[in-house]
Amino acid sequence: MDNLNWLVKEIEKLKRNSPYPSARSLIMPALWIVEKHFPEILPEHMEVIAKILGVKPVEVEEIARFYAMFHTKKKGKYVVRVCTNLSCMLNGGESILQAICDHFGVKPGETTKDGLFTIEEAECMGLCNGAPAMTVNETRFTNLTPQKAIAVLEEFKRKENGKDNPQER
Amino acid sequence: MEKIILRNVSRENSHRIEVYLKHGGYQAFRKVLKEMSPQDVIDEIKRSGLRGRGGAGFPTGLKWEFAAADFKEPKYFICNADEGEPCTFKDRLIIEKDPHAIIEGMLIGAYATGCSIGYIYLRGEYPIGKKILLQAIEETRNKGFLGKNILGSDFSFDIFIHSGAGAYICGEETALIESLEGKRGEPRIKPPFPVNAGFMWKPTVVNNVETLANIPVIIERGADWYSSIGSPDCPGPKLYSVSGKVKKPGVYELPMGTLLEEIIFEHAGGIKENRKLKAVFPGGASSSVLTSEEISVKMDFPSLAKAGTMLGSGAVMVLDETDCIVKAALRLSMFFRHESCGKCAPCREGTDWIVRILNRIEKGVGSEDDLETLLTVAEAMENSFCGLGMAAHNPVSSTVRKFKDEYLKHISLKRCPFKE
Ligand SMILES: Cc1cc2nc3c(=O)[nH]c(=O)nc-3n(C[C@H](O)[C@H](O)[C@H](O)COP(=O)(O)O)c2cc1C
Ligand code: SF4
Ligand code: FES
């Protein structure tokens, strides 16, 4: 509930500083706030957004579902996007995705049991000069090999486990 | 060759306003504000011959003239920084290394067309670029180049960033506008064109990042100088994103119309491990393939159109002799199936059919009839609502035609010949 109150304040702030002529344009920025601060975009989040912006809940929901980067299903603390589009594919992107999935025992789109990583097969992220590439939340990793990719994620895991409360966002 | 678009990117802290100002930044905008009327600016850009770098190649000066001529207000100026075309990463370079060139280009364009509000529609996958752009906008406001009554004039303009969220179709300008209005990114019917009825149905200019980065230098050094670079009917410098199986993948600035062969073998260092070149998609995922015999072609809008393909975003995707053409066409088709917005049937159904058929050919269970079917589906997709569906079949229909033997080999061997 506390979290919802926090969201209410954030969306109200967003609305006060709106650079748009219509409140509807704030739906995407509002959903970005939820995407960044919550494990998933839930109906109650969409309701808060709809109410404050004065739009229909369905207008928020259709945006949350249309755009690939919004998660309406629970995601891990880190979203790992492995590119398999052409340049990455030609340079081994698929084997990297496969290696990561095998290593953590998940399929593309799934989250590891410890809730740390959601592994996603991604479209081109504009990192093709360093193909094959992946991103972990906002950090980029390029010129990967399967071993390097796994080492990167293991390093994230090691650091997390060193923290007191690994699940804190 | 002298770097023009990339003139700033190799400097330390090139993204900061002090560095930009030190090397002549915002001088073009000052000149425009003090010495030129909006019509002067439009005339100069028209004379330069600059054509949009977002893919369609529309003359920028003409676009601005249309927007300037419309009486409805307010008018909006949008920078298209959605860069979603696979294997295109030139705009990212400008966004991260020379954000002030984009802002200055927008300022000049807004002044010329009478726009008062600007948005940068930035793809969601560029969070680093977002931080850099936000800082750049803040710096520009603090220097008084953005806001009300800029530098004491009666010109007011401000810029805001709108983050996309992973939808390629939002690079299409009318889908972008829908998205900016807080809707699903589905294209609108044209006409009316955005210059007359765009964002909130008001006159709206949409320009690509690279297009805008050209504007300050055109003003600074003049249309005559600019139009002497590159192809006469399509002048200026061009950024080519080269990737795939080349030794030195990267963004190369070269005169518009540089030979594809030269780009691959001289600038990008040739093919990895000195293998043989097999095929090139010269203008992104929706361009038709060129074979290794077809690469002495000029990389500009008219020359590539004549060669049966297109310049698009200038993304050169290179395949070598060990790469499977069916697999490449399949992967690009999967991209389009994923990105089809679903509004119209030819694209929504066509991309799905194509993926399913290519999948079975690649798996070794296709038939010769499948090739005919692919071409029939491709033809039907020409009737799609927007450019995505109209062009999505190009990598498929062109490879079926030019690499038919390889498709047939998959069918007769009942497996992909490139797999053990
Ligand atoms: C499916 C599709 C995707 C597009 N994606 C982009 C893009 O990512 N960036 C871009 O600048 N233009 C893109 N365009 C072209 C835009 O619709 C528009 O022509 C361009 O932004 C105009 O700017 P310009 O005249 O400066 O090139 C796309 C077009 C289509 C049909
Ligand atoms: S062609 Fe594809 S992307 Fe374009 S409107 Fe139709 S379904 Fe949407
Ligand atoms: S193809 Fe993978 S980042 Fe572009």
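Just so it is clear, the model here is predicted, and its values are computed rather than measured. Below, chain A is the first sequence line, B the second, and so on; all start at residue 1.
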* **Residue B:Lys272 excluded, over 12 heavy atoms near NZ under 6.0 Å** => yes
* To do: Please state whether the side chain, the backbone, both or neither of A:Ala122 comes within less than 4.5 Å of a heavy atom of chain B.
  => backbone
* To do: Provide the closest heavy-atom pair for B:Met200 versus A:Pro21 in the form atom of the first, atom of the second, distance.
  => CG-CG, 3.7 Å
* To do: May I ask you to test the B:Glu125-A:Arg81 pair for a side-chain heavy-atom distance under 4.5 Å?
  => no
* To do: Please state whether the side chain, the backbone, both or neither of B:Leu332 comes within less than 4.5 Å of a heavy atom of chain A.
  => side chain
* Asked: So with a 6.0 Å cut-off around NZ of B:Lys72, is the heavy-atom count from everything else above 12?
  -> yes
* Residue, of B:Gly124, B:Gly185, B:Ala328, that accumulates the most heavy atom pairs under 4.5 Å with chain A -> B:Gly185
* For B:Cys324, is it the side chain, the backbone, both or neither that has a heavy atom under 4.5 Å from a heavy atom of chain A? -> neither
* Interface residue of largest heavy-atom contact number with chain A, from B:Phe281, B:Tyr168, B:Phe199, under 4.5 Å -> B:Phe199
* Quick one: of A:Ile27, A:Val60, A:Thr84, A:Leu127, who has the most non-hydrogen atom pairs under 4.5 Å with chain B? -> A:Thr84
* To do: Give me the ring orientation class for B:His162 and A:Tyr20: parallel if the planes are under 30° apart, tilted from 30 to 60°, perpendicular past 60°.
  => perpendicular
* **Proximal component of B:Val251, with respect to chain A [non-hydrogen, under 4.5 Å]** => neither
* Asked: Quick one: of B:Ile128, B:Asp323, B:Leu180, B:Ile169, who has the most non-hydrogen atom pairs under 4.5 Å with chain A?
  -> B:Ile128
* Asked: Just wondering, more than 12 heavy atoms not from B:Lys247 lying within 6.0 Å of its NZ?
  -> yes
* **Among A:Leu53, A:Leu31, A:Leu86, A:Leu26, residue most engaged with chain B (heavy-atom pairs, under 4.5 Å)** => A:Leu86
* Taking all non-hydrogen atoms of both residues into account, name the closest pair between B:Arg331 and A:Met89 and its distance. => CB-SD, 3.6 Å
* In terms of heavy-atom proximity below 4.5 Å to chain A, should B:Lys202 be classed as side chain, backbone, both, or neither? -> neither
* Answer whether the closest heavy-atom distance between the side chains of B:Ser179 and A:Met28 falls below 4.5 Å. => yes
* To do: Please report the shortest heavy-atom distance between A:Cys128 and B:Thr88, naming the atom on each side.
  => SG-N, 4.3 Å
* In residues 130-147 of chain A, which residues are in contact with chain B at a heavy-atom separation under 4.5 Å? -> A:Glu138, A:Arg140
* Asked: Do the non-hydrogen side-chain atoms of A:Arg24 and B:Lys183 ever get within less than 4.5 Å of each other?
  -> yes
* **Under 3.5 Å donor-acceptor, B:Arg184 side chain and A:Phe66 backbone** => no
* **Region of B:Ile161 in contact with chain A, defined by heavy-atom distances below 4.5 Å** => backbone
* In terms of heavy-atom pairs under 4.5 Å, which option from B:Lys248, B:Met334, B:Glu96, B:Glu85 contacts chain A the most? -> B:Glu96
* To do: Identify the heavy atoms of B:Ala165 and A:Tyr67 that sit nearest to each other, and give their distance.
  => O-CB, 3.3 Å
* Who among A:Cys124, A:Ala68, A:Cys83, A:Ser25 has the most heavy-atom pairs with chain B under 4.5 Å? -> A:Ser25
* Anything in residues 90-105 of chain A with a heavy-atom distance to chain B below 4.5 Å? Please list those residues in order. => A:Leu90, A:Asn91, A:Glu94
* To do: Could you tell me which portion of B:Phe335 (side chain, backbone, both or neither) has an atom closer than 4.5 angstrom to a non-hydrogen atom of chain A?
  => both
